[in-house]
**Q** 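Handing you this structure, nothing more for now.
What's counted below: heavy atoms across the whole structure, side chains too, no hydrogens, waters or symmetry copies. Note that this is a predicted model, so its numbers are computed, not measured.
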Amino acid sequence: VQLQASGGGLVQAGASLRLSCVASGRTFSNYALGWFRQTPGKEREFVAFISRSGGVAYYADSVRGRFTISRDNAKNTQYLQMNRLKPEDTAVYYCAAYIRGIYTHGESYDYWGQGTQVTVSS
């Protein structure tokens, strides 16, 4: 699976962004999906997860209630709607796909997108 993330940018605190991640190469619906983020000098951080069907989603405590993960299997695309953005949300965001494992562990994911920068100014 090849993943291509997009939608990042520079916004002010309180604004919204929607990240997209388009997949190609294999059957998209076979994979559970996730979003992670990373800032320089810090470890990669789990953000959100969605199951193969889209019926189950989990979030990091830091984003729950502000971010929403979704997927459209017909379009081979997953999304991360980010509302009420905060400066601490600034990071490079990565989409990822996996078959099985622990959804909060990056090591469980088999495929990664290239990352998209999100910068939130105060």
**Q** Determine the minimum heavy-atom distance between T116 and A5, stating which atoms define it.
**A**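 Scanning both residues completely, I find the closest heavy atoms to be CG2-CB, 4.3 Å.
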**Q** Do the side chains of W35 and Q78 get nearer than 4.5 Å, heavy atoms only?
**A**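 Contact flag for Q78/W35 side chains = yes.
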**Q** Using the rule that two of Ile, Leu, Val, Met, Phe, Trp, Tyr join whenever any of their side-chain heavy atoms come within less than 4.5 Å, decide whether Y94 and L19 are in one cluster.
**A**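 Each belongs to a different hydrophobic cluster.
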**Q** How close do C21 and L3 get, counting heavy atoms only, and between which atoms?
**A**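 Scanning both residues completely, I find the closest heavy atoms to be SG-CB, 3.8 Å.
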**Q** Checking T119 side chain against T90 main chain: does a donor-acceptor pair fall under 3.5 Å?
**A** no
**Q** Indicate, with yes or no, if V63 and Y79 share a hydrophobic cluster defined by side-chain heavy-atom contacts under 4.5 Å among Ile, Leu, Val, Met, Phe, Trp and Tyr.
**A**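 Y79 does not cluster with V63.
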**Q** Quick one: are R44 and W112 in side-chain contact, heavy atoms under 4.5 Å?
**A** yes
**Q** Take the angle between the ring planes of Y103 and Y58 and call it parallel below 30°, perpendicular above 60°, tilted in between.
**A** parallel
**Q** Measure across Y31 and A97 and return the closest heavy-atom pair with its distance rounded to 0.1 Å.
**A** CB-CB, 3.9 Å
**Q** CD/Q114 to OG/S6 distance, rounded to the nearest 0.5 angstrom?
**A** 8.0 Å
**Q** Over 60° means perpendicular and under 30° means parallel, so tell me whether Y109 and Y98 are parallel, tilted or perpendicular.
**A** tilted
**Q** Is the shortest side-chain heavy-atom distance between T104 and F49 below 4.5 Å?
**A** no
**Q** In the structure I gave you, are the side-chain heavy atoms of E45 and S62 within less than 4.5 Å of one another anywhere?
**A**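 Yes, their side chains come closer than 4.5 Å.
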**Q** Do the ring planes of F67 and Y93 sit parallel (below 30°), tilted (30 to 60°) or perpendicular (above 60°)?
**A** tilted
**Q** Could you check whether any side-chain N or O of Q38 sits under 3.5 Å from a backbone N or O of A91, counting only pairs where one atom can act as donor and the other as acceptor?
**A** no
**Q** Please find the pair of heavy atoms, one from G115 and one from V92, that lie closest to each other, and give the distance.
**A**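 So the two residues come closest at CA-CG1, 3.8 Å.
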**Q** Mind checking whether M82 and V120 have side chains closer than 4.5 Å, heavy atoms only?
**A**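 Result no, sub-4.5 Å side-chain heavy-atom pair not found.
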**Q** Are K75 and S20 packed together at the side-chain level, in the sense that at least one heavy-atom pair is separated by less than 4.5 angstrom?
**A** no
**Q** Salt bridge between K86 and D89, side-chain N to carboxylate O under 4.0 Å?
**A** no
**Q** Are Y111 and V22 connected, step by step, through hydrophobic side chains (Ile, Leu, Val, Met, Phe, Trp, Tyr) whose heavy atoms are closer than 4.5 Å?
**A** no
**Q** Side-chain heavy atoms nearer than 4.5 Å, only ILVMFWY residues, links allowed to pass through others: does that put L80 and F46 together?
**A**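 As far as the 4.5 Å side-chain criterion goes, F46 and L80 are not connected within one cluster.
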**Q** For F28, does its backbone N or O pair with a side-chain atom of R71 as donor and acceptor, under 3.5 Å?
**A** yes
**Q** Give the minimum heavy-atom separation between S51 and G55, together with the two atoms involved.
**A**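 Reported closest heavy-atom pair: OG-N, 3.3 Å.
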**Q** Taking all non-hydrogen atoms of both residues into account, name the closest pair between I69 and L33 and its distance.
**A**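 Scanning both residues, the minimum pair turns out to be CD1-O, 4.2 Å.
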